[in-house]
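This report refers to the structure that appears directly beneath it.
Counting starts at 1 for both ligands and their atoms, in listed order.
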Amino acid sequence: MVSRSSHAYVIGLVGKAGSGKSTVARILVEEYHFDLISLDEVGHHALELSRDELIHVFGQQIVGPDGTIQRAVLGQIVFGNMDMLLTLNAITHPRIKELVKQQLSNMRTHTLLDGALLYEIGLAPLCDFILMVDAPEAMIMERLIRQRKWPEEKAKSVLFSQRHLQFLREEADFIIFNNDSLEKIERQVEFFVHTIS
Ligand SMILES: CC(C)(COP(=O)(O)OP(=O)(O)OC[C@H]1O[C@@H](n2cnc3c(N)ncnc32)[C@H](O)[C@@H]1O)[C@@H](O)C(=O)NCCC(=O)NCCS
Ligand SMILES: Nc1ncnc2c1ncn2[C@@H]1O[C@H](COP(=O)(O)OP(=O)(O)OP(=O)(O)O)[C@@H](O)[C@H]1O
């Protein structure tokens, strides 16, 4: 982990899809004025930068009528096919890493790197701390299916393709347990901010 002398920290926000990272990030941004870099959003930008390479590998089927990459179609191809997913990662992850590095070079305040794939992309060494959002696997499944309306198969394959909870727990500097109410998360976030201040 990189140790920085500046007061502004880079904080990796990790956890499985549906664990509640965006929920924690929203509190840190709205109530504590942290900056946020969403790796999902940077990933979407990286797709457009990788357009030609992606079409070469995955075919014209991933291009929509407006000429942009159809993420839903690409998601259907890669989630459930580990070889395809690794191919997509090999194309997009180096670009995501570069884009994030560029954004961090302008950082002025505590900045969250919010993404389930922080380790896979190779961004953990840029972080001063790792903050994990933890929730039981069954609860995560339930949220993805009921609230995000993902089909059960998609939820299973996305979760399967992400780091095991035990790995994330062992690597984290701080853990927020999101297995109860929003109020309980807010109290843990407050404690986290107090601890790093
Ligand atoms: C597969 C793609 C096209 C699907 O796009 P879509 O808009 O439908 O989904 P979205 O980006 O919102 O991701 C949905 C969920 O899948 C998870 N996820 C995304 N990519 C991956 C991946 N490569 N491996 C495991 N989980 C992933 C995300 O954490 C999120 O919870 C898109 O996610 C993508 O380009 N992924 C590769 C880049 C990447 O690794 N992004 C994630 C950075 S954390
Ligand atoms: N404590 C909670 N109680 C009830 N619902 C919750 C709770 N925490 C999060 N949720 C809901 O669960 C869903 C997933 O949460 P969120 O979007 O924050 O997860 P995430 O970790 O950011 O996922 P991803 O990695 O896919 O972006 C959302 O619909 C959110 O509103």
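The distance criterion of under 3.5 Å between nitrogen or oxygen atoms is not met by Thr92 with respect to ligand 1.
His45 has its side chain within reach of Leu99: a pair of non-hydrogen atoms, C-beta onward, lies under 4.5 Å apart.
There is no protein heavy atom less than 4.0 angstrom from atom 32 (C) of ligand 1. For atom 23 (N) of ligand 1, a protein heavy-atom neighbour is present inside the 4.0 Å cut-off.
Protein heavy atom nearest atom 18 (O) of ligand 2, with residue, atom name and distance: Thr23 OG1, 2.7 Å. Of all protein heavy atoms, the one lying nearest to atom 15 (C) of ligand 1 is Trp150 CH2, 3.5 Å. Atom 27 (O) of ligand 2 has Asp40 OD2, 3.6 Å as its closest protein atom, hydrogens excluded (heavy atom only). Regarding atom 4 (C) of ligand 1, its nearest protein heavy-atom neighbour is Arg71 O, 3.8 Å. Protein heavy atom at the shortest distance from atom 28 (C) of ligand 2 is Gln147 OE1, 4.0 Å.
The parts of Ala17 lying near ligand 2 are both backbone and side chain, judged by heavy-atom distances below 4.0 Å. Counting heavy atoms under 4.0 Å from ligand 1, residue Ile69 does not touch it at all.
Not a single heavy atom of Lys184 lies less than 4.0 angstrom from ligand 2. Within the 4.0 Å heavy-atom shell around ligand 2 one finds Gly18. Under the 4.0 angstrom criterion for non-hydrogen atoms, Ser19 is in contact with ligand 2.
Listed by number with element, the atoms of ligand 1 under 4.0 Å from a non-hydrogen atom of His93 are 39 (C), 40 (O).
When the heavy atoms of Arg148, Lys21, Lys16 are ranked by distance to atom 26 (O) of ligand 2, first place goes to Arg148. The option with the heavy atom closest to atom 12 (O) of ligand 2, from among Arg143, Glu183, Met139, is Arg143.
Side chain to side chain, Ser38 and Asp40 fail the donor-acceptor criterion of an N or O pair below 3.5 Å.
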